[in-house]
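One structure below.
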Amino acid sequence: MTFTPPDLSEVLTKEQTMNSRLTTCQNNLRSILTKEEIGYTQGDGVIPLIRKLPVPQLASLGVNMYNKFSTGANLPAVITAKDTDGNEMANVNVNVYRIDEGSYGDVVVTSLGTVTTGNDGTATVSVPMPNDKGYFTVQARVGNIIGKDIGAYCTTALNADDTSYSTFSIFYDTSAGGDVEVMEAENWGEGFVDVVTSSHAGYSGNYFGIKFTDLGSFDKTTVKDHRFIAILSDRGNGTKTDFMAFGLAFNIDSWTNLGICAGAKYWYGDGTGSAGYRQEYVNISYMSSQDDGSPESAGKKFYDTNIESGYAYATVADEYADDPTVQYPNSYTRHGAWSFNPDNLPSGTAYPAIIFNKSTSSCYRSLRFYGIGVI
């Protein structure tokens with residue numbers, strides 16, 4: 001067998017390449033340790049430096065359904081894991097659940113399995129719709145660390161990406177004087193639209209708002225057995241006398257004949273005030289407004305107006321869990337307990353609408369719109 005001596009120049013080249021890579025690796029490891037304020041000596045080699053590296057610790061989970069409303073198709077939900085430094089964290093095994101509203105505020109929990117985050121710290125889950133139409137929460141969980149987002153299964157719906165500036169159509173009673181307009185409807189490409197409205201001059205004590213004609217018109221007969229759901233977030237820029245409601249607005253061009261059936265939330269950006277939520281029934285026989293619940297900070301909520309054959313109610317709902325060690329929220333808490341006979345709804349044409357009270361003659365109101373739907 002013939003012996004072929006190695007090419008020493010090639011061996012030398014490969015050795016120099018390996019040494020260069022080891023030096024680069026050492027420098028990178030030292031940089032990480034310096035950033036983390038972990039001590040080391042200049043004599044530490046690659047393996048001792050590796051042993052000193054901190055182990056990333058999961059700090060938070062995020063869930064985002066860019067489209068939160070579906071008429072039947074699965075919705076993608078993006079799960080994001082971050083460590084204590086706020087960096088995306090790979091190879092995290094996350095349990096995912098869909099939490100549906102049940103009877104009397106109870107919840108129905110469905111496991112969607114376990115996903116593992118990729119190199120970018122994210123994983124995507126395809127969320128099937130519940131058996132029954134209504135709202136739900138997608139929850140990501142690792143131990144006591146949870147993240148969540150909310151969605152709804154409806155017959156017809158509008159997500160943020162289904163809207164344009166013209167979708168947000170202002171209504172108000174022109175005979176009350178003044179001027180009302182949508183100043184801004186900005187879609188940031190993240191599953192929501194930031195909307196700013198203004199009302200100048202005119203009478204205080206009135207109402208104005210945004211009607212959604214794309215979801216149809218109704219009257220006191222055709223509205224029965226329909227449900228109107230919105231996912232909205234107030235942006236905390238009002239006072240404790242200002243509220244934002246969602247539900248039905250009848251005869252929207254007539255102040256004297258305006259009918260409102262809506263669940264509302266006060267604009268408690270600072271958490272002050274005597275009541276956090278409101279049921280708003282205007283020009284509905286024998287019903288009046290009712291304050292309900294404790295003050296809440298600005299945030300994303302379900303607005304739910306349900307018109308059934310025998311009774312109707314308008315509420316604001318949120319997922320409630322007072323302890324992160326509780327695996328699932330205890331219930332969906334509905335703020336607003338009064339119901340009434342829908343036969344007492346006013347006559348005239350009604351539209352699904354976001355409604356603002358006008359506590360002063362001139363005001364600006366701002367909200368974050370995620371979507372609305374009709375069942």
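From Met183, atom CE reaches atom OG of Ser366 across 10.5 Å, with rounding to the nearest 0.5 Å. Atom OG of residue Ser347 and atom NZ of residue Lys220 lie 4.5 Å apart, to the nearest 0.5 angstrom. Going from atom CG of Leu232 over to atom NZ of Lys300 covers 11.0 Å, rounded to the nearest 0.5 Å. If you take NZ on Lys301 and CE on Met244, they are separated by 11.0 Å, rounding to the nearest 0.5 Å. How far OG1 of Thr84 is from CD of Gln57: 7.0 Å, rounded to the nearest 0.5 Å. The distance from the CD1 atom of Ile260 to the CD1 atom of Ile252 is 11.0 Å, given to the nearest 0.5 Å.
Judged purely by atom type and a 3.5 angstrom limit, Asn159 has no side-chain atom pairing as donor or acceptor with the backbone of Asp162. Side-chain atoms of Arg365 come within 3.5 Å of backbone atoms of Asn357 as a donor-acceptor pair (strictly under, hydrogens ignored). Judged purely by atom type and a 3.5 angstrom limit, Ser217 has no side-chain atom pairing as donor or acceptor with the backbone of Ala350. Although no hydrogens or angles enter the test, the distance criterion places no donor-acceptor pair under 3.5 Å between the side chain of Tyr266 and the main chain of Asp291. No donor-acceptor distance shorter than 3.5 angstrom exists from the side chain of Tyr40 to the backbone of Leu29, with no hydrogens or angles considered. A donor-acceptor pair under 3.5 Å is formed between the side chain of Thr24 and the backbone N or O of Ser20. Without hydrogens or angle criteria, Arg98 side chain to Pro128 main chain gives a donor-acceptor distance under 3.5 Å. A donor-acceptor pair is defined here as one N or O able to donate and one able to accept, closer than 3.5 Å; such a pair exists between the side chain of His226 and the backbone of Ile375. For the pair Glu101 (side chain) and Gly134 (backbone), a donor-acceptor distance under 3.5 Å is absent. When atom types are taken as modelled, the side chain of Asp83 and the backbone of Asp85 share a donor-acceptor pair closer than 3.5 angstrom.
Linking ILVMFWY side-chain heavy atoms closer than 4.5 Å, directly or via other members, places Tyr97 and Val108 in two distinct hydrophobic clusters. Ile32 and Met89 fall into different hydrophobic clusters, where Ile, Leu, Val, Met, Phe, Trp and Tyr side chains are chained together by heavy-atom contacts under 4.5 Å. Residue Leu58 is not grouped with residue Leu53 when hydrophobic side chains (ILVMFWY) are merged at heavy-atom distances under 4.5 angstrom, including chains of intermediate members. Ile38 and Ile47 fall into different hydrophobic clusters, where Ile, Leu, Val, Met, Phe, Trp and Tyr are joined by side-chain heavy atoms under 4.5 Å apart, directly or via other members.
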For this session: Begin from the C-alpha positions of Asp194 and Arg368 and carry the test side-chain contact (heavy atoms from CB on, under 4.5 Å) through to its verdict.
Result: CA-CA 5 Å; Asp194 284 336; Arg368 182 159 284 176; 2.6 Å; yes
Problem set entry | From CA spacing to verdict: side-chain contact (heavy atoms from CB on, under 4.5 Å), Val182, Thr197 | CA-CA 4 Å; Val182 174; Thr197 65; 4.3 Å; yes
Exercise. Does the pair Ile231 and Phe192 meet the rule for a side-chain contact (heavy atoms from CB on, under 4.5 Å), with working shown?
Worked result: CA-CA 10 Å; Ile231 299 175; Phe192 57 81; over 6 Å; no
For this session: Report the C-alpha distance between Thr114 and Asn95 in whole Å, list the side-chain angles of each, state the deciding distance to 0.1 Å, and finish with yes or no for side-chain contact (heavy atoms from CB on, under 4.5 Å).
Result: CA-CA 4 Å; Thr114 301; Asn95 298 317; 2.8 Å; yes
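Considering only heavy atoms from C-beta on, Phe218 comes within 4.5 Å of Val374 through its side chain. Looking at heavy atoms from C-beta onward, Thr213 lies out of side-chain contact with Ser169 at the 4.5 angstrom threshold. At least one side-chain heavy atom of Asn93 sits less than 4.5 Å from a side-chain heavy atom of Thr116. Residues Leu158 and Thr167 meet the side-chain proximity criterion, which asks for heavy atoms closer than 4.5 Å.
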Side-chain atoms of residues 69-82: list all donor-acceptor pairs with protein atoms under 3.5 Å, sequence neighbours left out, distances to 0.1 Å.
| unit_1 | atom_1 | unit_2 | atom_2 | d |
| --- | --- | --- | --- | --- |
| Ser70 | OG | Gly72 | N | 2.9 |
| Ser70 | OG | Ala73 | N | 3.0 |
| Ser70 | OG | Ala73 | O | 2.6 |
| Asn74 | ND2 | Ser126 | OG | 3.0 |

What side-chain donor-acceptor pairs closer than 3.5 Å can you find for residues 59-67, not counting sequence neighbours?
| unit_1 | atom_1 | unit_2 | atom_2 | d |
| --- | --- | --- | --- | --- |
| Asn64 | OD1 | Lys68 | NZ | 3.4 |

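The 12-atom threshold is exceeded at CG of Asp120, counting heavy atoms of other residues, nucleotides or ligands nearer than 6.0 Å.
A salt bridge does not link Asp44 to Arg30: none of the charged side-chain nitrogens sits closer than 4.0 Å to a carboxylate oxygen.
For the side-chain contact (heavy atoms from CB on, under 4.5 Å) with Ser199, the lone residue among Tyr207, Phe208, Tyr172 that qualifies is Phe208. In summary, of the residues considered (Val196, Val195, Val193), a side-chain contact (heavy atoms from CB on, under 4.5 Å) with Glu184 occurs for Val196 alone.
Residues passing the salt bridge (charged side-chain N to carboxylate O under 4.0 Å, His left out) test with Lys224 are Asp343, sequence neighbours excluded.
Judged by the 6.0 Å distance and 45° axis criteria, Lys211 is positioned over the aromatic ring of Tyr351.
If you look at Phe228 and Phe212, their ring centroids are not closer than 6.0 Å.
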